[in-house]
Amino acid sequence: MDGFLDTSRGGVTELRVHGVSGTPPAAMLNHPSPRLVVGDGVTGFYRRWWPGGRPAGEHADVPGARHREAYAWGNLTSGGRMAALWLLLLPFSLANLSYFMLPRPEGGRRLRHAAEAAQRLLALLLTGTLVGALTTAGVDLVGWQCAQAGRACSGDAAPVWVRWLGDLWGSRTSPRLAVTALVPLGVLALLWWLARRTWERDERTVLPPGGAARPGVLLARPRLWHGGEPVWRLRAVHVSFAAGSVGLAVAAPYTGDPTGRALVLANAGVQIAAAVLAALPGIARRTDPYADEPSSPGLTGACAALRAAAPLVVLVTLVAAFDGLREPPYAPTLPGVGAGTFQTALALGLLAFLLVAVAVLAGRDRREGGGEQPRALGGMAAWFVLVIAAGVGNALALGVLFWTAAFFGTPAPSRPAPSHPAPFGRVLLIDEPLWWAAALVPLLAAGTLVAAVLLWGIRGRAAAELAPRLRPYYGEGDAPAVADTWALASLTDRAGLVLGVLTGVGLAGLGAVTVVSQLRLFTPDGGVAGLLATGGSWAMTAVVVGLVLLGRRTYGDPRLRRTVGIVWDVSTFWPRAIHPLSPPCYTERVVPELIARVGALARNDGDEVIVSGHSQGSVIAAALTLQLDPALLRRTRLLTHGSPLRRLYAAFFPAYFGPSTLHAVRESVSWLNLYRLSDPIGGPVFRRADPFAPGVHGDGDGDGDGETVDRFCWDPLQPGPGEPLPSARWHSDYWLDPAYEEALSRLTVLGPAHPAPADG
């Protein structure tokens, strides 16, 4: 290759790790011509290439002396076209997040294990909810109702790809059910394939040898990034449970037939076995790759047996149904055996138990940790996020049902079953409780509006308080604009308020519609109640259609994929601990690759690697630091900017990013953190952000972690006399801030484990 590209190792290497949205290597390096030096198109390490030959200058790469390198990992979350399908897996991802939010006090181990089992069962029920919605849409709305003789799918106006069901089996139900069951089974097979593909790519990555855990620091445990076997077990359990739910729906109407009863028992047995396995403590247990620990071969064998039995039972069910089972008595909607009602009651019971368990654990955690540690929602974030996961999952499920009914006919609430067929025509019946659930959507919209009004008022008050204090720095004319910018960015700290309001409105609405539904005080097809239910049903239909259209656009638009990938950059930092079908954890590949690269760049005592992490990259960098062996730590420095470590991660994941973890990082390496108050994501790591406190601008001499690590950066920059106010940079371009070069220079001259000097 012509030109100049430094591929040498050793010396001082500035290793930049980007944050959300997959910042391109050219922007990370501030250079138009990056070249891949290690890695592939998914993840890779890039350096600057000069086409005119070796450059001169203060910031140019010098072989064996200094280098600037960028690590790009964004394609793990936004590079593949299949990432468009991840939009429909948001409930699974939220459920997985809730596991890592669970408080972990020393004195509540047994209660925590019970709570974790409840979380795994709820995650299993979430899989059942979404697959069950597809089953109901296909098997009930289309196979049982729509394809009947004389119904919407059997007329000349029906689409040809569904009309043949009525033409062939208009008066025979079981073959229709067997054929329409292939739709949810096909989606389930796609989920299994995606989960297995990403498992082979990411979770089976081997950690480099030589690591060791730090006692008492959860984020430092190598087993956190060693999930190949437990994720495999959980995947077998979830897929088997979902397959059993499809088989149960097909067989349930035929309990009057001996073959039908046997099939019901077999499919129910698969689901029960899956639920029992999911509740066992060892099912998701990760082992330390550096220790000689048993790997639970008994559980692995049980999961393998279940994985083999489930598809066999479903296949036998479909073959028997296609061959023809004895026709059951007439029912306007697909008869069941009460499995759905039982699972709903179980989910509500698990949520009630978790409310108590998380409250007890959070109380113990507050007493043990004291007031130093920030906690979102008083330590109850795990429960709130799990409730939201259940709500989003049910909303998507209802959206699928109402969209299917609206596409093939006219949705309507079901009534007590008549004893003979009624002239339903194009009407497709959906159970009345589901209409009441749809009525919650307008209430949640009202709750969102209330939260927005509260946030707007908080922003206004914060800006009014900031403006007078900013006048000495920005002047009379610019201070209000800067105050408004800072106040808007501060609303991120109110994320717990939004979650609390929405969850409270949702639970209050759920209680109200449950009472109304059980007592039959109103019907969901008339008056205000009918208006709410109808509006909610159309809203959820629009959401599902919108997600499908967005996924279709995302499939062919790389820029949009990067935008959508922001959601997954945050949520998929965490391993798939309780839900194996959620989007994959990129960190199980990123952390081992970074460990190996730092080891290659800092092989000798005279070498140094400054890991520079922006935004989510700072979270990755903190996790990386705790995984390095002592020899590499002595040659490593840490520079973070726009970091959500305290603001979001310590608040929502206190067990993993609380003060003990951040202090462990601080004690391991020399560390500087840059932050702005215009940044809605990043902030200081140790102290609360107060730009007017002593020591922030070089007039203090504190010696705590806040004074030695955190560096405040003005944004917008203070204009000179007669100059206009520069544009705010918000969360971006820390690499271009003058404070960045100063911090880089400070870290370059520091010795190992030597704290950065205080300003002044």
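Predicted model only: the values in this text are computed from it and were never measured. These numbers come from the heavy atoms of this one structure, side chains and all, not from hydrogens, waters or symmetry mates. We're numbering straight along the sequence, starting at 1.
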Trace of the side-chain contact (heavy atoms from CB on, under 4.5 Å) decision for Leu454 with Val450 = CA-CA 6 Å; Leu454 289 174; Val450 169; 4.3 Å; yes

Check for a donor-acceptor pair, side chain of Glu588 on one end and backbone N or O of Pro575 on the other, with a separation under 3.5 Å.
-> no

How far does CG of Leu386 sit from CZ of Phe384, to the nearest 0.5 angstrom?
-> 12.0 Å

Do the charged groups of Arg112 and Glu116 touch, with an N to O distance under 4.0 Å?
-> yes

After noting the C-alpha distance and the side-chain angles of Leu97 and Phe652, does the key distance pass the side-chain contact (heavy atoms from CB on, under 4.5 Å) rule?
-> CA-CA 9 Å; Leu97 276 181; Phe652 284 93; over 6 Å; no

To the nearest 0.5 angstrom, please state how far the CZ atom of Arg68 sits from the CZ atom of Arg16.
-> 4.0 Å

Compare all side-chain heavy atoms of Pro103 with those of Pro654 and state whether any distance is below 4.5 angstrom.
-> no

N/O donor-acceptor pair under 3.5 Å between Asn96 side chain and Ala577 backbone = yes

Start with the C-alpha distance between Leu626 and Val665, add both sets of side-chain angles, then the distance that settles side-chain contact (heavy atoms from CB on, under 4.5 Å), and finish with yes or no.
-> CA-CA 7 Å; Leu626 293 174; Val665 176; 3.8 Å; yes

Flag side-chain contact, heavy atom, 4.5 Å: Tyr740 against Cys713 = no

Grab the two heavy atoms, one from Pro468 and one from Arg471, that are nearest each other, plus how far apart they are.
-> CA-NH1, 3.1 Å

Give a yes or no answer on whether the side chain of Tyr474 reaches the backbone of Ala483 with a donor-acceptor pair at less than 3.5 Å.
-> no

If you take all heavy atoms of Pro584 and Thr572, which pair is closest and at what distance?
-> O-CB, 3.1 Å

Hey, could you give me the OG/CG distance between Ser612 and Leu638, rounded to the nearest 0.5 Å?
-> 8.5 Å

Main-chain N/O of Tyr675 paired to Asp710 side chain as donor or acceptor, under 3.5 Å = no

Cation-pi, Phe92 ring and Arg576 (6.0 angstrom, 45 degrees) = no

Can you find a heavy atom in the side chain of Arg729 that is under 4.5 Å from one in the side chain of Tyr734?
-> no

Heavy-atom side-chain proximity of Ser660 to His663 below 4.5 angstrom = no

Just wondering, do Val669 and Arg637 contact through their side chains at under 4.5 Å, heavy atoms?
-> no

To the nearest 0.5 Å, tell me how far Leu594 CG sits from Leu15 CG.
-> 6.0 Å

Rounded to the nearest 0.5 Å, what's the gap from CG on Leu361 to CG on Leu111? Could you check?
-> 4.5 Å

Start with the C-alpha gap between Arg711 and Leu674, add the side-chain angles, then the distance that decides, and say whether side-chain contact (heavy atoms from CB on, under 4.5 Å) holds.
-> CA-CA 5 Å; Arg711 294 289 186 275; Leu674 308 179; 3.6 Å; yes

With no hydrogens and no angle check, is any side-chain donor or acceptor of Ser490 less than 3.5 Å from a backbone partner on Ala487?
-> yes

Backbone of Leu736 reached by a side-chain donor or acceptor of Asp733 within 3.5 Å | no

Centroid separation Trp574 to Tyr99 less than 6.0 Å = no

Please name the pair of heavy atoms, one in Ser643 and one in Asn673, separated by the smallest distance, quoted to 0.1 Å.
-> CB-OD1, 3.5 Å

Answer whether the closest heavy-atom distance between the side chains of Leu219 and Leu224 falls below 4.5 Å.
-> yes

State, to 0.1 Å, how close Pro442 and Ala438 come at their nearest heavy-atom pair, and which atoms those are.
-> CD-O, 3.6 Å

Does the His18 side chain pair with the main chain of Gly74, one donor and one acceptor, at a distance under 3.5 Å?
-> yes

Any idea which heavy atoms bring Val619 and Phe657 closest together, and the distance?
-> CG1-CZ, 3.5 Å

Tell me, please, which residues at least two apart from Arg459 pass salt bridge (Lys or Arg N to Asp or Glu O under 4.0 Å).
-> Asp484

Any donor and acceptor pair, going by atom type alone, linking the side chain of Trp486 with main-chain N or O of Asp715 inside 3.5 Å?
-> yes

Are Thr708 and Phe686 close enough that some pair of their side-chain heavy atoms sits under 4.5 Å apart?
-> no

Any donor-acceptor pair under 3.5 Å from Arg676 side chain to Trp730 backbone = yes

So, does Arg364 use its side chain to make a donor-acceptor pair with the main chain of Pro105 at under 3.5 Å?
-> no

Find the distance between CE (Met101) and OH (Tyr649) and round it off to the nearest 0.5 Å.
-> 9.5 Å

Would you mind reporting whether Trp73 and Thr587 have side-chain heavy atoms less than 4.5 Å apart?
-> no

Pick from Phe653, Phe573, Tyr656: which one makes a ring-ring contact (aromatic ring centres under 6.0 Å, His included) with Phe100?
-> Tyr656

Between Trp671 and Leu747 the two heavy atoms that sit nearest each other are N-CD2, 4.1 Å

